[in-house]
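Have a look at the structure below before the remarks.
Keep in mind it's a predicted model, so treat the numbers as computed, not measured. So you know, we letter chains A, B, ... as the sequences are listed, proteins then strands, and number each from 1.
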Amino acid sequence: MYRTHHCNALRVANIGEQVKLAGWVHSRRDHGGVIFIDLRDREGLTQVVFRPEENAEVAEAAHHLRDEDVIQVEGRVAPRVPGTENPKLATGEVELLPARLTILNRADVLPFPLEAENINEDLRLAYRYFDLRRPQLTRNLRIRHRVAKATRDYLDAQGFLEIETPILSKSTPEGARDFLVPSRLAAGKFYALPQAPQQYKQLLMVGGVEKYFQIAKCFRDEDLRADRQPEFTQIDIEASFVRPEEIYTLTEGMLAAIFKAARGMDIPTPFPRLTYREAVGTFGSDKPDRRFGMQLVDFTDDFRASGFKVFRGVIENGGVVKAIKAKGFAGITIGQVDEMTAIAKNFGAKGIAFIKIENGEWKSPIVKFFSEAEKSALQSRLAIEEGDLVFFAADKWDIACEVLGRLRLRVAEIQGLTKDCEQLDFLWVTDFPLLQFDATENKWNAVHHPFTRPHAEDLPLLEEKRYGQMRAEAYDVVLNGVEIGGGSIRIHEPDLQAKMFAVLGVSENDQQTMFGHLLRAFRLGAPPHGGIALGLDRLVMLICGEQSIRDVMAFPKNNRSQDLMSQSPSEVDPRQLRDLGIKIAEEKK
RNA sequence: GGAGUCUUAGCUCAAUUGGUUAGAGCGCCGCCCUGUCACGGCGGAGGUUGCGGGUUCGAGCCCCGUAGACUCCGCCA
């Protein structure tokens with residue numbers, strides 16, 4: 001037996017006991033005579049004291065210990081010398097006086113200090129197995145485990161079955177780019193890794209499973225972000241004979257169980273709800289961060305007959321005039337104005353208008369065009385005060401909203417409005433648009449996915465080809481401005497599904513080739529069904545207070561989808577390629 | 001595909017306007033040190049300033065190119 005206790009176990013009550021500990025040399029303080037070692041395992045630290053007068057041989061060996069050596073010590077638990085107790089350690093009142101020291105393994109010079117912050121991430125990723133020893137990452141993995149366990153326990157109690165679906169599956173044209181896996185037995189053909197178990201879980205509903213869940217790995221071959229990895233994990237849920245209300249209640253209960261288990265917190269349920277129109281119109285985002293105000297206020301009616309031609313012209317062309325008030329932001333720097341203008345242009349606006357309120361005066365090149373009525377509308381509805389700054393966007397509704405929504409987030413970031421904010425703001429965003437027109441592809445795309453059910457009352461719009469006005473029975477759950485999950489009620493009728501495919505530009509022939517199994521399944525008695533998928537990585541990231549999902553994954557990949565530790569992806573043996581019937585094309589020069 | 005920021009010792013960073021031999025802390029090596037917990041003291045090693053080119057009497061610093069990292073846009077049903 002390597003150890004009788006872990007390194008966070010010994011207390012005053014253990015004084016006098018003979019114990020064995022094993023772990024890593026966390027730090028050493030060598031006084032020439034007496035030597036102190038903090039011994040670490042995943043549970044904590046225990047001070048080990050080597051004294052030459054007690055055991056000269058062991059003390060001599062201890063002189064040669066280095067950080068991160070793996071050792072085993074056996075000896076007596078003793079009280080610390082009065083006055084030298086360490087209140088920072090749970091084990092700080094006692095220490096171990098070893099009679100034996102066994103070096104289980106030596107550590108080389110370390111690639112980076114475990115204690116330090118701000119280590120280059122590529123270095124950390126290259127030595128991930130080492131980086132994982134940092135208490136913060138150990139804690140994150142532990143929280144992740146608790147989240148997964150709470151999820152399983154909760155869904156099990158609700159009667160859901162955990163069912164695995166294939167990783168080798170079929171490529172489909174919709175959605176993200178697939179990772180492809182070549183087939184050896186069917187040379188020239190490919191499997192695809194699942195972007196989500198979407199079709200399988202719907203087919204499980206056709207199979208009469210009724211309540212399914214899976215903590216599922218998903219794969220998407222797209223460019224990465226701090227909160228996106230090529231492979232990630234979803235809490236995937238589907239149920240039959242459900243309405244959105246039942247999905248909301250289930251999800252709220254699950255998140256409550258998760259936060260209770262992982263953080264010991266009670267979160268208030270049910271969550272507030274906003275429609276997509278309300279969320280975008282008020283916060284400029286379909287995943288609004290409501291922990292601070294700065295809401296979008298609509299002044300379209302106030303400027304409909306304005307003497308300011310820019311605003312009036314936009315409104316006459318069906319656009320809107322909206323504004324946000326950035327409290328106390330009149331001291332904006334030239335550089336910040338440039339940045340705000342760049343944001344506005346990046347999201348489709350021609351520019352940005354703003355008013356600074358300084359020394360009781362409204363400072364802006366456009367304010368001279370405003371009537372007294374217009375000024376008073378602004379004054380009262382924005383509650384403008386000295387030192388404030390007002391941003392305007394005059395454009396089509398969606399552009400005006402998005403521009404102000406982005407400025408709102410940037411201003412909040414600059415002003416540190418959510419820094420050290422402990423608040424957890426959950427909400428549902430409902431009634432998403434079903435379809436969105438893509439001008440570059442010149443076709444309609446599904447906002448959620450092609451299996452999403454249109455609102456029953458919007459079905460006539462399908463026949464009228466007024467696709468842009470159709471609402472979906474789709475919903476997202478948002479926490480602090482981050483989309484942590486989304487789902488929908490699905491189409492279960494073959495005819496409606498075929499119609500949707502047609503609108504999305506999937507030909508009759510392609511429908512049969514790519515989705516024939518689904519359409520056939522729907523002809524054999526498919527129950528009404530729907531579900532939701534939550535991004536486990538993002539959820540754990542928020543629970544852990546991390547800025548990147550890489551910090552809550554054991555072995556994440558970098559921005560270019562490479563594993564810097566194992567150096568994957570890598571070239572393969574030509575024989576492997578020959579077996580697969582694959583030739584690498586000459587690189588284009 | 002695009003934009004921005006960054007790249008100097010093992011790690012984190014500094015280096016005035018382009019100017020002497022590129023520094024500091026931590027780590028590493030050696031010596032000393034018997035109650036520390038960020039132990040302390042003395043000494044030492046460690047650098048092609050990412051790479052390539054250019055401007056200049058002179059480049060870590062300016063210019064061009066290139067590679068890489070991160071953040072964002074596009075993309076992510």
Under 4.0 Å between any heavy atoms, over every strand shown, what does [X] touch: base, sugar-phosphate, or nothing? Just pick one.
{"X": "A:Ala196", "value": "base"}
{"X": "A:Arg550", "value": "sugar-phosphate"}
{"X": "A:Leu123", "value": "sugar-phosphate"}

A:His31 ring over B:rC39 six-membered base ring, under 5.5 Å and 30°: yes
pi-stack flag for A:Phe36 and B:rU36, centroid dist under 5.5 Å, interplanar under 30°: yes
A:His449 and A:Phe451 aromatic ring geometry - parallel, tilted or perpendicular at 30°/60° bounds: tilted
Ring geometry between A:Phe501 and A:Phe515 (parallel below 30°, tilted from 30 to 60°, perpendicular above 60°): parallel
A:Asp178 and A:Gln195: side chain donor to acceptor below 3.5 Å: yes
Pair A:Gln199, A:His517: side-chain N/O donor-acceptor within cut-off below 3.5 Å: yes
When you get a sec, tell me which of [options] is the closest nucleotide to the side chain of [X]?
{"X": "A:Ile119", "options": "B:rU36, B:rC11, B:rA69", "value": "B:rC11"}
{"X": "A:Asn346", "options": "B:rC73, B:rC37, B:rG74", "value": "B:rC73"}
{"X": "A:Arg228", "options": "B:rU34, B:rC75, B:rC37", "value": "B:rC75"}

